[in-house]
Amino acid sequence: MHSVKELGVSKYFGRLGFLLLMVALGLFGSARLPSAHAQALLPYAPEPDSEQLQNEGLKLAQDALQLYGFRQYDSALPRAELSTQLAPDFFETWFILGNLYLQREASEDAIAALQKAQQRAPENPGVAFTLGEAYFQQGDYTEAVEQLKSGLDNKPEDITGLFNLGNAYLKLEDYDQAVDIYKQAFKIQSDFWPAINNIGLVRYEQGRTKAAINQWRKALSIDSQQAEPLLAVAVALYKQGQEAEGLALGESALSLDAQYGELEYLDKNLWGAQLLVDAEVFLNLPQIQRVLGRLEEDLDPIEQP
């Protein structure tokens, strides 16, 4: 996912005093009406001005951003939500909030926050890229394409933006466009194996198994320790009748990352319908099931005597 840390937030202008902070955040609650004899004792409570509230909102946004960087999303979220109330005119507060909603897979909330960020910073490519991701998460791939293309208009060589655009075209089954975009990404960054891997996914769905295997092997030549292209080669080879090699490669792939033994995880990684059918057969083979069972046992905590 596009990282919010790449864009940063506006600097705030100093710290508020403890009393002013309490007033700004409404933590004193509702005051009781004083009696007629006690009116002279009513303390003066200064009204915070808009700049002070904005500064506090930006400070909360910065705190949320730091927590985001440490993946402490639950702690970051309330700070980000409050920052949008105190500093609603700054795109950064809405942008951080949208990213946090996206991490929680609350795509509707993410889109609403990111749209507000985009209203305040319409030319910011990071906002457009992240909004594209939110629409992708929601399953609106057409709108995802529009947002990602908008971001690329302002930052045409952004690898993440290009890759996600290719993925959106893949989900729309616009295979030619997807391959063209993946090739653009790989041309910009020659070690970007995910683009080559996903060209393999496209070729397999097109029935071009040999071409798919070639792409996955090319991805492995860039990084031999990647489980996804290794498992894809294994499934394809087994399907073609090269059972012994397929099983050996499949065992190696799952040893690298056992998550690829789950069809739901493969689906999230954009494996197409035909490849998923063949993967299901492969993963249910007795030898592969034994491998997965052994790996699961290795992950279990050691029982104390």
Side-chain angles (χ1 to χ4, degrees), residues 1 157-171 173 175-285 287-296 298-299:
M1 175 175 293
E157 294 193 351
D158 186 275
I159 294 296
T160 302
L162 283 167
F163 184 64
N164 288 340
L165 178 59
N167 292 343
Y169 280 128
L170 175 58
K171 294 297 287 185
E173 299 184 4
Y175 295 140
D176 290 340
Q177 282 277 27
V179 169
D180 286 345
I181 296 298
Y182 291 141
K183 286 181 177 178
Q184 288 181 44
F186 186 71
K187 185 176 181 181
I188 293 169
Q189 185 175 320
S190 60
D191 63 347
F192 189 57
W193 69 265
I196 300 302
N197 177 82
N198 283 19
I199 292 176
L201 298 180
V202 170
R203 296 305 184 212
Y204 200 88
E205 294 308 301
Q206 292 176 320
R208 299 171 58 182
T209 304
K210 184 177 179 180
I213 292 173
N214 288 339
Q215 292 297 320
W216 291 324
R217 290 194 186 280
K218 183 177 179 180
L220 288 167
S221 72
I222 297 169
D223 188 343
S224 62
Q225 297 302 301
Q226 290 299 328
E228 182 175 358
L230 189 58
L231 181 63
V233 171
V235 170
L237 290 177
Y238 186 89
K239 175 72 173 180
Q240 286 190 324
Q242 301 178 52
E243 297 181 1
E245 185 178 2
L247 288 168
L249 293 177
E251 182 170 350
S252 297
L254 294 171
S255 297
L256 288 171
D257 190 341
Q259 291 181 97
Y260 284 95
E262 303 171 8
L263 288 175
E264 182 179 353
Y265 190 74
L266 297 177
D267 183 53
K268 282 186 175 182
N269 279 273
L270 308 184
W271 285 36
Q274 186 56 56
L275 188 54
L276 283 173
V277 168
D278 295 340
E280 183 174 16
V281 172
F282 184 82
L283 293 173
N284 282 316
L285 293 169
Q287 181 173 332
I288 298 300
Q289 283 293 304
R290 286 195 293 271
V291 171
L292 290 171
R294 185 177 70 248
L295 292 171
E296 185 176 353
D298 291 341
L299 291 174

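- The heavy-atom pair separating Leu201 from Asn269 by the smallest distance is CD1-O, 3.8 Å.
- With rounding to the nearest 0.5 Å, the separation of OH in Tyr260 from CG in Leu254 is 11.0 Å.
- The CD1 atom of Ile196 sits 9.0 Å away from atom NZ of Lys183, with the distance rounded to the nearest 0.5 Å.
- The minimum heavy-atom distance between Gln287 and Leu247, with the atom names listed, is OE1-CD1, 3.5 Å.
- The ring of Phe192 has its center no closer than 6.0 angstrom to the ring center of Phe186.
- Residue pairs meeting the side chain to side chain donor-acceptor pair (under 3.5 Å) criterion with at least one partner in residues 247-256, sequence neighbours excluded, are Glu251-Arg294.
- The shortest distance between side-chain heavy atoms of Asn284 and Ile288 does not fall below 4.5 Å.
- Heavy-atom minimum distance, Gly250 versus Ala234: N-CB, 3.4 Å.
- Once rounded to the nearest 0.5 Å, the distance linking CD of Glu228 with CG of Asp223 reads 12.0 Å.
- Residues passing the side-chain hydrogen bond (donor to acceptor under 3.5 Å, both in side chains) test with Asp191 are Gln189, sequence neighbours excluded.
- The closest side-chain heavy-atom distance from Gln289 to Leu292 is below 4.5 Å.
- Atom CD1 of Ile213 and atom CG of Leu220 lie 11.5 Å apart (nearest 0.5 Å).
- The shortest distance between side-chain heavy atoms of Leu283 and Leu266 falls below 4.5 Å.
- Of all heavy-atom pairs spanning Trp271 and Ala279, the tightest one is CZ3-CB, 3.9 Å.
- If you take OH on Tyr169 and CG on Asp180, they are separated by 9.5 Å, rounding to the nearest 0.5 Å.
- Taking 4.5 Å as the limit, every side-chain heavy atom of Leu249 sits out of range of all side-chain heavy atoms of Tyr238.
- Residue Gly200 comes nearest to Ala212 through the heavy atom pair O-CB, 3.3 Å, listed as atom of the first residue, atom of the second, then distance.
- Below 30°, between 30° and 60°, or above 60°: for Phe163 and Tyr182 the angle between ring planes is between 30° and 60°, a tilted geometry.
- Applying the side chain to side chain donor-acceptor pair (under 3.5 Å) test to every pair with at least one member in residues 202-219, sequence neighbours left out, gives these pairs: Arg203-Gln206, Tyr204-Asp278.
- Considering all non-hydrogen atoms of both residues, Ala178 and Gly166 come closest at CB-O, 3.5 Å.
- Put simply, CD on Gln259 and CG on Asp257 are 4.5 Å apart, with the number rounded to the nearest 0.5 Å.
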